[in-house]
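What follows is a single structure, written as structure tokens, with notes after it.
Naming: A, B, ... by sequence-line order, numbering from 1 per chain. Just so we're clear, the structure is a prediction, and the values are computed from it rather than from any experiment.
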Amino acid sequence: MLEKTYNAKNVEGNLYKKWERLGLFSADPSSSKDPFTIMIPPPNVTGTLHVGHALTMTLQDILVRHARMTNKDTLWQPGTDHASIAVERIVTQKLAAEGKAKKEVGREKFLERAWQQKEESGTTIVNQLKHLGASCDWDRERFTMDEGLSKAVKKVFIDLHKKGLIYRGTRLVNWDPMHQTAVSDIEVSHKDMKGFMWHLKYPLKDGGFVTVATTRPETMLGDTAVIVHPDDKRYTHLIGQTITLPIVGREIPIIADDYIDMEFGSGCMKVTPAHDFNDYEIGKRHDLEMINILTKTATLNENTPAEYQGMDRFEARTKIVAEFEALGLLEKVEPRENSVAHAERDDTILEPYLTTQWYLKTETLAKPAIEAVKSGKVEFIPKNWEKTYFHWMENIQDWCISRQLWWGHQIPAWYKDGEIYVGEEAPKGEGWVQDPDTLDTWFSSGLWPFSTLGWPDKTPELQKYYPTDVLVTGFDIIFFWVARMMMFGMEFMNDVPFRKIFIHALVRDENGQKMSKSKGNVLDPLEIIEEFGTDALRYTIASLTAPGADISLGKSKIEASRNFCTKLWNASNYAFMNEVKYDESFDPNTAKNPINRWMISKLAELVEGQNKAYADFRFNDLSQNLYHFTWDTYCSLYLELTKPVLYGDDEADKKETRQTMGWALEKLLRLMHPVMPFITEEIWLELTGQTGTDANLMSQAWPEALAWPHDEKSIADVEWLVSVISSIRAARSENNVPNKAEIDATVRGVSDVDVERFKMFKNYLKGMTRVAGFKLHSGELAKTDVVAVAEGFEIVLPLEGHVDFEAEKERVAKEISKFEAELAKIEGMLGNENFVKRAPEHVVAEQKASRDAILADLTKLKAVMEAR
RNA sequence: GGGCAGUUAGCUCAGUUGGUAGAGCAACGCGUUUACACCGCGUAGGUCGGGAGUUCGAGCCUCUCACUGCCCACCA
């Protein structure tokens with residue numbers, strides 16, 4: 001017997017340890033089994049587990065456990081990436097708390113601290129993932145800065161440099177002044193902020209003014225031109241004239257460029273080539289001077305007037321405006337919402353900044369990566385993400401891969417007297433200095449599918465497990481990660497990194513709102529596990545994962561899943577109370593009792609449904625199949641329908657029923673295991689009498705239903721029985737017949753098939769309906785009887801003394817009009833020549849059948865009305 | 001400005017080749033019948049965002065409009 005109630009906490013930790021101890025998660029490259037490989041999106045090493053991880057990990061774990069049960073040599077390689085900016089920030093902050101600056105501490109000591117930090121938070125997240133039941137091959141855990149992976153990074157950099165795909169360039173980048181590093185374009189998110197549009201009057205050297213508008217007035221310190229449209233008649237006479245820049249006193253030209261929109265503002269625009277992306281392009285076109293006015297921390301530098309030097313960019317903004325106002329050069333100020341570039345990671349406001357960085361030429365690499373998806377070698381699920389992928393890949397910009405950070409892979413480039421050398425080691429000779437910068441974290445995570453398998457060495461792992469089968473990830477990192485893995489995989493492995501990409505959506509709260517700390521609607525998966533158990537969380541996640549849809553997760557849903565776990569637990573306990581055990585020798589083909597045969601057939605249908613759902617990544621279907629089967633088919637029907645046998649005295653039938661029950665439960669547990677690994681194993685151990693042993697459910701084979709009977713007759717018979725029972729129950733309930741009241745029922749007007757079924761199921765009818773007895777009867781209805789109409793059948797319940805017959809009359813009248821409306825509809829269809837001619841035969845036949853059924857029911861109901 | 005989703009029962013959502021609309025939760029009624037009140041039985045609730053079209057037949061296909069969300073680009 002199991003504990004009275006399921007206690008997830010007592011079970012989960014122990015089972016997980018057991019699985020690990022038995023090495024169930026380990027892949028074996030020397031095994032002859034087909035491989036199944038799955039990549040884990042590396043959670044960054046500073047992270048704590050959030051619902052998004054729970055989602056990704058749960059889905060992957062379901063696939064992986066299913067693969068193991070279908071006899072695949074399964075590799076689920078886990079790991080973390082080094083999250084350069086995030087770690088660098090944490091360490092810098094910790095040092096600051098100790099009163100130390102990053103630069104004082106020095107690179108070496110700083111990296112020591114960073115490694116410490118990595119060790120701490122890295123183990124935290126791994127433990128949290130284990131709480132989710134994630135059956136990763138932990139012995140193969142990798143980290144992007146491991147020796148092997150670092151070797152791969154170096155080789156990739158050097159190779160790409162040799163091929164001319166990596167180059168150094170000086171241009172405007174998005175600069176993070178907080179961390180003093182460049183960031184790549186896709187790490188930038190634009191946010192609308194309330195700001196102002198300042199209209200500034202620039203004095204012409206020869207007298208008069210032009211007005212320019214700007215949202216960042218401080219950049220005027222770096223202006224090197226004013227442009228007007230060449231066709232703008234208002235200004236053509238000004239082209240070639242000179243402006244004396246206020247405050248600075250620099251003389252700058254007015255030039256013509258058709259970039260400008262004549263309709264917008266005054267039609268004049270200031271140009272600051274060193275601090276704006278569009279202005280930069282204009283500056284290049286006209287060979288304008290590029291004056292950098294900022295330091296790396298976004299304070300004003302030596303190229304600005306003395307009173308501004310060292311001042312913060314936003315302070316300078318205020319001061320500039322004040323000066324313009326004082327000079328009478330501030331024409332007007334309009335409030336305006338404009339979008340401002342922020343660092344995606346921490347919301348620092350970024351500055352366009354002129355620097356020299358390493359770039360990766362992506363156009364060449366993108367082509368095979370696009371082709372691989374077009375040709376179907378890689379498949380997005382759902383497919384519509386392919387458009388997003390193509391759109392980005394086809395418009396891809398060169399990738400700025402260098403970062404002015406210490407934590408990461410230091411760029412294998414050395415400099416001496418303006419010479420650059422790229423290679424594994426510093427070149428011989430004195431005076432070579434290595435590039436202090438590191439590579440973008442995504443550069444190394446992009447190599448993940450093969451670097452973690454030992455590339456560039458030809459390891460057995462690499463040969464067996466590449467390409468991987470499926471990548472499960474959120475759409476938010478298609479650009480960051482998926483696209484990069486595709487490009488690197490095609491370039492260095494000459495093959496796709498994965499065959500399928502399952503894209504899941506965002507987790508939202510119960511009301512479809514984005515989860516955020518400020519809204520207070522964040523669900524902590526660890527708290528959920530604590531309260532409801534891992535299996536409940538996993539089931540909820542799976543059941544909500546429909547392709548292409550966002551996921552709204554709320555407590556009420558997890559509660560429902562917890563109830564589902566309890567239901568399964570109680571149902572199992574009930575079986576054990578009835579001496580049900582799993583009998584391996586039981587052959588489902590030998591079952592005679594129609595209810596057992598029906599159960600076996602339904603289970604075969606379930607297996608089929610599950611196979612299809614797994615093939616199509618229909619996580620919602622596969623969970624709902626399990627729920628519906630367990631709760632409705634197995635518990636509500638099968639366990640109830642077999643009670644007359646289990647409490648009866650036909651020993652042979654009793655034995656067969658126990659066997660079937662145990663057998664069905666065992667198969668069901670196997671089918672449920674990938675989704676709910678803990679509770680199913682705990683029950684399974686008890687059912688198979690192996691509690692406390694090393695036996696485990698994960699190593700059992702996935703059920704093969706082909707060998708089982710699929711008995712259409714039993715299915716039809718039991719469906720008939722269930723419909724009869726429901727009809728009787730509805731009649732009783734609607735007439736407020738107390739549950740306790742046992743009454744004699746009469747069955748009337750039955751066909752031969754029904755007579756047979758009636759005889760077959762007499763006992764069950766009694767047991768399920770609290771009707772004391774049934775008798776076959778063909779006489780007249782008593783005035784006080786109520787008729788329950790079932791499929792081709794009617795049951796008469798003498799209800800005298802229990803029933804308000806006026807109410808009953810109304811009910812029947814209502815039912816009659818409902819049937820009549822439906823009948824009219826069907827007859828309309830059947831009367832339509834085109835329908836009869838063109839609709840498939842089975843559809844027409846179905847309509848005719850339901851017309852006949854309704855007619856029969858109507859006749860009976862009308863008889864009842866007349867009887868009253 | 002470009003693109004992609006979505007709009008189905010009070011709520012959150014399924015609905016896979018077009019063939020008489022489903023689930024969970026919530027609601028209502030009855031109920032402690034020998035697994036389970038984290039339960040059982042029953043009931044109610046939808047002109048599938050609006051409009052048009054194709055079809056014998058449209059939640060599903062086409063067009064159009066409206067609203068919501070997201071992504072990309074731009075914003076002097």
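- A:T219 and A:K270 are linked by a side-chain donor-acceptor pair at a separation below 3.5 angstrom, with hydrogens and angles left out of the test.
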Dot-bracket pairing map - RNA chain B, Watson-Crick plus G-U, both contacts under 3.5 Å, | cross-strand: (((((((..((((.....[..)))).(((((.......))))).....(((((..]....))))))))))))....
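- For A:S189 and A:K191, the side-chain atoms include no donor-acceptor pair closer than 3.5 Å.
- When distances run from any side-chain atom of A:F479 to the nucleotides B:rC38, B:rC72, B:rC36, the shortest one goes to B:rC72.
- Of the listed nucleotides (B:rG42, B:rC39, B:rA14), B:rG42 has the atom at the smallest distance from the side chain of A:R729.
- Residues A:Y764 and A:I725 fail the side-chain proximity criterion, which asks for heavy atoms closer than 4.5 Å.
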Tabulated below should be each protein N or O lying under 3.5 Å from an N or O of nucleotides 4-8 of chain B; please produce it.
residue: B:rC4; atom: OP1; partner: A:K387; partner atom: NZ; Å: 3.4

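- Comparing atom distances between the A:A546 side chain and each of B:rC74, B:rA14, B:rA35 picks out B:rA14 as nearest.
- Here B:rC38 is the nucleotide among B:rC38, B:rC74, B:rA14 with the atom lying nearest to any side-chain atom of A:T566.
- Residues satisfying the side chain to side chain donor-acceptor pair (under 3.5 Å) criterion with A:T211, sequence neighbours excluded, are A:E331.
- Within 4.0 Å (heavy atoms only), A:K643 reaches at least one base atom of the nucleic acid.
- Distance from the side chain of A:N570 is smallest for B:rA35 among the nucleotides B:rG42, B:rC13, B:rA35.
- B:rG50 and B:rG10 have their C1' atoms separated by 22 Å, given to the nearest Å.
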Hey, what are the protein-to-nucleotides 17-26 of chain B N/O distances that come in under 3.5 Å?
residue: B:rU20; atom: O4; partner: A:S850; partner atom: OG; Å: 2.9

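- Under a 4.0 Å N-O distance rule, the pair A:R618/A:D616 does not qualify as a salt bridge.
- Here the side chain of A:S733 is nearest to one of B:rC13, B:rG42, B:rA35, namely B:rG42.
- Side-chain contact annotation: A:E187 with A:S184, donor-acceptor N/O pair under 3.5 Å present.
- Here A:S636 lies in heavy-atom contact (under 4.0 Å) with sugar-phosphate atoms only.
- Screening residues 254-265 of chain A for salt bridge (charged side-chain N to carboxylate O under 4.0 Å, His left out), with sequence neighbours left out, gives A:D257-A:R285.
- Residues of residues 614-622 of chain A that place a heavy atom closer than 4.0 Å to RNA chain B, in numerical order, are A:R618, A:N620, A:D621.
- Checked against the 6.0 Å centroid criterion, the rings of A:W385 and A:F380 do not qualify as a close aromatic pair.
- Phosphate proximity of B:rG40 to A:K567: present, with a side-chain N or O under 4.0 Å from OP1 or OP2.
- Between A:Y574 and B:rC39, a side-chain N or O to OP1/OP2 separation shorter than 4.0 Å is absent.
- Annotation: cation-pi geometry not satisfied between A:K567 and A:Y634 (NZ/CZ under 6.0 angstrom from ring centroid, within 45° of ring axis).
- In this pair, A:Y647 lays its aromatic ring flat on the base of B:rU34, centres within 5.5 Å and planes under 30 degrees apart.
- With A:N625 as the partner, the side-chain hydrogen bond (donor to acceptor under 3.5 Å, both in side chains) test is satisfied by one option alone out of A:E605, A:E608, A:K612, A:Q610: A:Q610.
- We find that A:E579 and A:K654 are not joined by a salt bridge, their nearest charged nitrogen and carboxylate oxygen being 4.0 Å or further apart.
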